[in-house]
Each structure stands twice: as structure tokens, then as C-alpha cells.
**Student:** 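Would you mind keeping the following structure in view while I ask a few things?
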Number of protein chains: 2
Amino acid sequence: MRPTVGIREVAERASVSPGTVSNVLNRPERVAAPTRARVLAAIDELGFVRNGSASTLRAGHSRAVGLMVLDIANPFFTEAARGVEDVISERGYALMLSNSDEDAVKERRNLRMLAEQRVQGLLVTPVDDEAPELLALRERGVSVVLLDRPGARPDQCSVAVDDVAGGRLAVEHLLRLGRRDIAYVSGPPGIRQCDDRREGARRALDGADGARLREFAAEGMNVRGGLDAGQRLLAGRRTPDAVFCANDLLALGVMRALLRAGARVPDDVAVLGYDDIEFAAAAAVPLSSVRQPTYQLGRLGTELLLDECENPDGHAHQQVVFQPELVARDSTG
Amino acid sequence: MRPTVGIREVAERASVSPGTVSNVLNRPERVAAPTRARVLAAIDELGFVRNGSASTLRAGHSRAVGLMVLDIANPFFTEAARGVEDVISERGYALMLSNSDEDAVKERRNLRMLAEQRVQGLLVTPVDDEAPELLALRERGVSVVLLDRPGARPDQCSVAVDDVAGGRLAVEHLLRLGRRDIAYVSGPPGIRQCDDRREGARRALDGADGARLREFAAEGMNVRGGLDAGQRLLAGRRTPDAVFCANDLLALGVMRALLRAGARVPDDVAVLGYDDIEFAAAAAVPLSSVRQPTYQLGRLGTELLLDECENPDGHAHQQVVFQPELVARDSTG
DNA sequence: CTGTTAGCGCTTTCAC
DNA sequence: GTGAAAGCGCTAACAG
């Protein structure tokens, strides 16, 4: 373990004062070229690395932003996180990741942690929009951007995808194919995305004569939940002629239940998912799905966040809503 | 934006000295219960949040650890990250995530960033094991644990899964089913995991008469790469009777190519994947795969790391190698 | 058990 | 264009 090398040692080696080293680091244009070169050389030779906590302490804010998601293992958030990380890394920031696990208690604990770390901004898909820690963060001047929560509030930025439109797209597609007896397989109650997609589905049905929407709630928004919902759906008196699922994992499960029971997809039953994950196209019957610009969601959210961080005065809050897109594959014929 | 509330304001409100507040925060047992209660109340009333950078500056190390992976969107790393995050969060640390994208340049940049942030430890799947920034980090006393890189070095901890054993398991399984003409679909050259799995596959073949292993390298370790490899494999004079793929995404692609061409799985061709991702069981023909304890990998790696951070003297480096496990489903009969 | 105090390493006026 | 010095908020060592 070598002795700590700080700005002081660099200064000594380059025969300048610490202040000048700091200037080289932060406002290089104010330093004469030869001096600057000497300092840079010294930095290099000594392997100096700026102490972030000291800068942060002095500056009052760090070069780190937080990202809090509901589930880091979910492909949706993973893809968004890629967008976030790309921007963060391009712009020389650090990313503090945390995972609320859809648990308000864990969320509050993590928010506390992020506050202690003095993150400069936060991208968050909150479990509890009104968590006092979240408000407190904003009160202390931390920029907050909402991710995948359509922002009701005009006083902050948000990026989201229009889930109502997605649900509508989905069901319109099924109706166009002549399906009339449609099942909607959602996740457990209380998930906003599921609710919005259902709402969209209902609206699409409004004009359609003789069409109906039946609902099945899965226990979890994963393959197993879909399998189970698929079985319940098959147990009914009449099997629907189309199934719209709140995400692709559910759809894969439903499809498996159907195929196993001898139903033909899409001839007997059309299956439609949501998210268009990588595996959708690879299913036995390639899965039609509703695609969201997930990576872009992460990217744009982060750009808005950094803009707000770096330019708090000139910043205008915006609530961005992306439109989803239908990807038709074999599972809906 | 309310005025900053620091330890000083808390002290004043509780009518104690700043030192006592610090003691309440860090060594509560040294403070008399009534005093402690007063201080706690003041903290609460004022909404005081400890300034992490100041502590870090003073202490010389932060309560943050870094995690650098090759690809945050890959389910393997995602699952490991869940294990990491769970431990980090339980123990009250913060997690700085970075993504090297398998790019040595980006890796070095990110390592620099983490060094500046003064992370206390780092979990990393390095692109370049010998990156000077990595060595520098260790020289400054940052604990480093290697993730999914079987550690040759006895001077650091590592957690990994035995990929040679996994490859062997896979091919032994296929041989046991009477398959003799086996194809190995790997990713692009130079990926250690692929090389190790191939090596294991070869060893399994050593004792088997009349069995052979043909290799197909995909361009990317994703579904598309598998589709493409599957087509090349079908174009050959003789279609193999089994395909072992270096991961599940490849296997799903290969399976799709096979089914589309009218081959029956597993009757004509058995297909075997690697990783046992959630979607494996949900494929049209449920995919047999080699399962790795990915979540545990992340958990244990982090526990080792924190142990080393918190107890540098009593810490004994260990190189942990987990054993993979075969999960037989329909795709191999 | 509690208070006092001296920095941690850096940035940033303000002189020169 | 460069140097000197104060202090960001906290902790730990020491004194009382």
C-alpha cells in the first residue's frame, strides 16, 4: 500500500502550489500551457487520482446519480438501465444502483442511503410516489426524474410509455383479426402498468359489437404465473379465441399451457404479449408483442436528469410519454 | 431549498456538542440513554442526514462498493447483481454499478471513476485482468473480488462456476442418451466461458467411441446468433443428432432454426443450453440446460468482499468454485 | 459520559 | 498566471 498521493504531492513535484493543480484539474484554460504540462506529467508519474469525497464535500454535491428500480432482474429495467448507464458513463458520472424490490420499506432505506451519498440526481420508479424521503430529497435540491411513472406533476421531469395506448393497440390488433372472445391476463392487483393496459384494452372494445374481455390475474408476472393463468383459462366453459397478456413472460406461460392442452396457436387461440423481450421472437410460436422503447426511456430520462443537474436555472421540466408499437408475429397469425 | 442541517445544528438543538452527536451516530453505546434520546429526537425533527462525503473524507474510505460487469442486460449478470444488491443493501452499503460492455477502454475509464469515488471494495468480471487501473486499485488498499473468473491468483478472492465441469456434464448427458454426432455452438472466439465449456465437452468425449464434436461459432451469444448457427448446421451434409450451446439464448435460436426446418426436437436432434434462464422452461420444447448458482455467486462474492473490507487482517482469501448442475427437460428427451 | 479540537483533501476567493 | 489560506462536515483522540 503506497503512501497517499494528493494534490499536495503533485504540486510539490511540479513545483507549483496546490491551487494551481486544482486549476489544471478544473479550469485548465486558466493555467499557462507549460505549467499545465508539468502538472499533468506529475499527475501521471505519481498516479494521482482525485479524491471524490473531498471534491464533493467542498462542492456540496457529487458527480454521482442514483437509479432506483423495482426489480433489477426484470428485462424491462435491465434494458432501461443500459440506457442510463451509457449516458452516465459518457458524461463521466458514477451510477449508484438500488433496487426497491417493490417494497416501500426497502425503498425508504435506499433513499436514505442515496441521500447520505449526496447523489446529485435520482432516476426512480417509485413504489410510493409520496415517500417522505423522496420529497426530502427534492427539498434538498436533488433533481428527481420519474421513470415509467407518467408524471402528473408539472414540477418534475418524467419519462414513460403510454400503457393505455399499448393496451388499446393490442386489443385493436386482435379485433382486426376477427377475435371476439378476448382474455386479459394481468399481474397481481395494484400494478399501474397492468391497470393502464387493461384500461386501453377496454377502450378498444368500446366500439366492437359482440366482443368481450375476460380477466385473469396471475400471481406473479412471470412464466409460472402465465402457466397457471393459462390452465384456469382452459378450465372455463369456453376457451377464448385470443389472450392478451400484460407482459411477455405471462404470454409465454399461457402459450405453453395452451399448446400442452392441444390448442393450436394462433388458429384456435391467438396470444399477444407485452414488452417484446428478446425471447419473444424465439418462442415455439414466435410471440406477437407490444414493444416499448425501453433503452431510450433510460437514455432520455438520464439526459433530462443531467440537464437539470448541470443547468438548474435554464431547465424546463418535461413529461415525456413515448408511444408503444405493435410487433405482429406468428402467435397472432 | 431549506438551509443545510449538519451535525452542528443537531448538537445545538439537543444541547450537546457535535462530538456527542457523532458518537450517537457511530458508537451509540458510549452515550447515556437520555442524551442519546435527545439527540435522536433532534435528528428526527431536523431531518438530519449524515453527509457521506465528509465521513468518507475523514475515514479515508466510503461505505460504497463497486460492481463492474460485462453486460448489465445479460440475465446472467442481472441475476448475480440481484445477489450482490441484496447483501449490499442488508449491510447498509451503497452500490456503484458500472458496465464495461466487454470493452477494455470503457473498463479503464470506469475503474478510474470508481477509484475517484473511493469505493471500499470492488466486485468485477474484468475484460482485462491486468488492467493497470485494477492493480492500482488494489495497491491503494481497495479489496477486489473477481466474479466469474476462476482465480489463478491466491492473493485475492474469487467466485466462479466450473465451466469445464459444466461442458462435461452437458456432453455426458447427451452421450448417455445415445447421441454421437454432437455440435457445439459457441459465441465469438476469445470468450473464456465458451472455451472452458468446449474443453469440458471434449473431455467427456474422450472415452466415447465413435462420437465426434463439431463446432459452430455464432457471431453473438444471443438468439439471432443461434438462429444463424442453426441454419449453418442444417446446411451441412449430415445434421448432428445433438447440439450443445454455450448459452440458452443460442440454444433457443438453434431450436427455432431446427423446428422451422422440420426437424423434430428431441427425436431427430437433441438441444441443450447453458445458464437455465427463466425462459428455458417456457420454450416450445422445454429446454434442457446447465444451471449455475448465479444469484449465490453474487451473494457470496459480496460477502467475501465485505468481509475483506471490514476485517482486512483476519481475512483469508479464498477462491470459490461452484459446481453447475444439469437440468434435463424435453429438448433432450 | 461529554466537550474540545485538529485535521481529512480539495476548491476557491483574494492577493500578488 | 500563480500562491496563500480558509473551510466544506465530520470523526477520533484526548481532556475533563
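Per chain, numbering begins at 1; letters A, B, ... match sequence-line order. Remember, predicted model here, so these are calculated numbers, not experimental data.
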**Student:** Looking at every strand, decide which applies to A:R50 at a 4.0 Å heavy-atom threshold: base, sugar-phosphate, or nothing.
**Tutor:** sugar-phosphate
**Student:** Is there a residue in residues 7-14 of chain B whose heavy atoms reach under 4.0 Å of DNA chain C, and which residues are they?
**Tutor:** none
**Student:** Which two nucleotides bound the region of DNA chain C that has atoms under 4.0 Å from heavy atoms of chain B, read 5' to 3'?
**Tutor:** C:dC1 to C:dG9
**Student:** Within this structure, what is the CZ-to-C1' distance between A:R58 and D:dA5, rounded to whole angstrom?
**Tutor:** 11 Å
**Student:** Respond yes when some side-chain nitrogen or oxygen of A:T35 is under 4.0 Å from OP1 or OP2 of D:dG1, and no when none is.
**Tutor:** no
**Student:** Side chains of A:L67 and A:V124: does their closest heavy-atom pair fall under 4.5 Å?
**Tutor:** no
**Student:** I want to check something: taking the side chain as every heavy atom from C-beta on, are B:F322 and B:V320 in contact at a cut-off of under 4.5 Å?
**Tutor:** yes
**Student:** Counting any heavy atom closer than 4.0 Å, what does B:V21 reach on the DNA or RNA strands: base, sugar-phosphate only, or nothing?
**Tutor:** nothing
**Student:** So, A:T294 side chain and A:Q292 main chain: donor-acceptor pair closer than 3.5 Å or not?
**Tutor:** yes
**Student:** Looking for any heavy atom pair under 4.0 Å, which part of the strands does B:G19 touch: base, sugar-phosphate only, or nothing?
**Tutor:** base
**Student:** Want to settle it: does B:N23 or A:N51 sit nearer the 5' end of DNA chain C, counting the closest nucleotide to each?
**Tutor:** B:N23
**Student:** Looking at A:E12, I want to see if its CD is surrounded by more than 12 non-hydrogen atoms of other residues, nucleotides or ligands under 6.0 Å.
**Tutor:** no
**Student:** Any idea which heavy atoms bring A:L134 and A:D129 closest together, and the distance?
**Tutor:** CD2-O, 3.8 Å
**Student:** Find the distance B:R63:CZ to D:dT11:C1' and express it as a whole number of Å.
**Tutor:** 15 Å
**Student:** Rounded to the nearest 0.5 Å, what separation is found between the CG atom of A:L95 and the CG atom of B:N110?
**Tutor:** 10.0 Å
**Student:** Is there a donor-acceptor contact under 3.5 Å from the side chain of B:R36 to the main chain of B:V31?
**Tutor:** yes
**Student:** Is any side-chain heavy atom of A:T78 less than 4.5 Å from a side-chain heavy atom of A:N74?
**Tutor:** no
**Student:** Check this one for me: any side-chain N or O of A:S17 less than 4.0 Å away from OP1 or OP2 of D:dG3?
**Tutor:** yes
**Student:** Do A:L306 and A:V65 have side chains that approach each other closer than 4.5 Å (heavy atoms only, starting at C-beta)?
**Tutor:** yes
**Student:** What contact category does A:S22 fall into here, base, sugar-phosphate, or nothing, at under 4.0 angstrom with non-hydrogen atoms?
**Tutor:** base
**Student:** State, yes or no, whether a side-chain contact exists between B:V49 and B:I43 at a heavy-atom distance under 4.5 Å.
**Tutor:** no
**Student:** Compare every heavy atom of A:L97 with every heavy atom of A:I72, then report the nearest pair and how far apart it is.
**Tutor:** CG2-CD2, 3.6 Å
**Student:** Just call it for B:R27: base, sugar-phosphate, or nothing, with non-hydrogen atoms closer than 4.0 Å on any strand.
**Tutor:** base
**Student:** Are any non-hydrogen side-chain atoms of B:S98 and B:L114 less than 4.5 angstrom apart?
**Tutor:** yes
**Student:** Please pick, from D:dG9, D:dT11, D:dT2, the nucleotide with the shortest atom-to-atom distance to any side-chain atom of B:N26.
**Tutor:** D:dT11
**Student:** Report for the helix from C:dC1-D:dG16 to C:dC16-D:dG1: angle between first-end and last-end helix axes, five pairs each, rounded to 10 degrees.
**Tutor:** 30°
**Student:** Select base, sugar-phosphate, or nothing to describe what A:S53 touches, counting heavy atoms under 4.0 Å on all strands.
**Tutor:** nothing
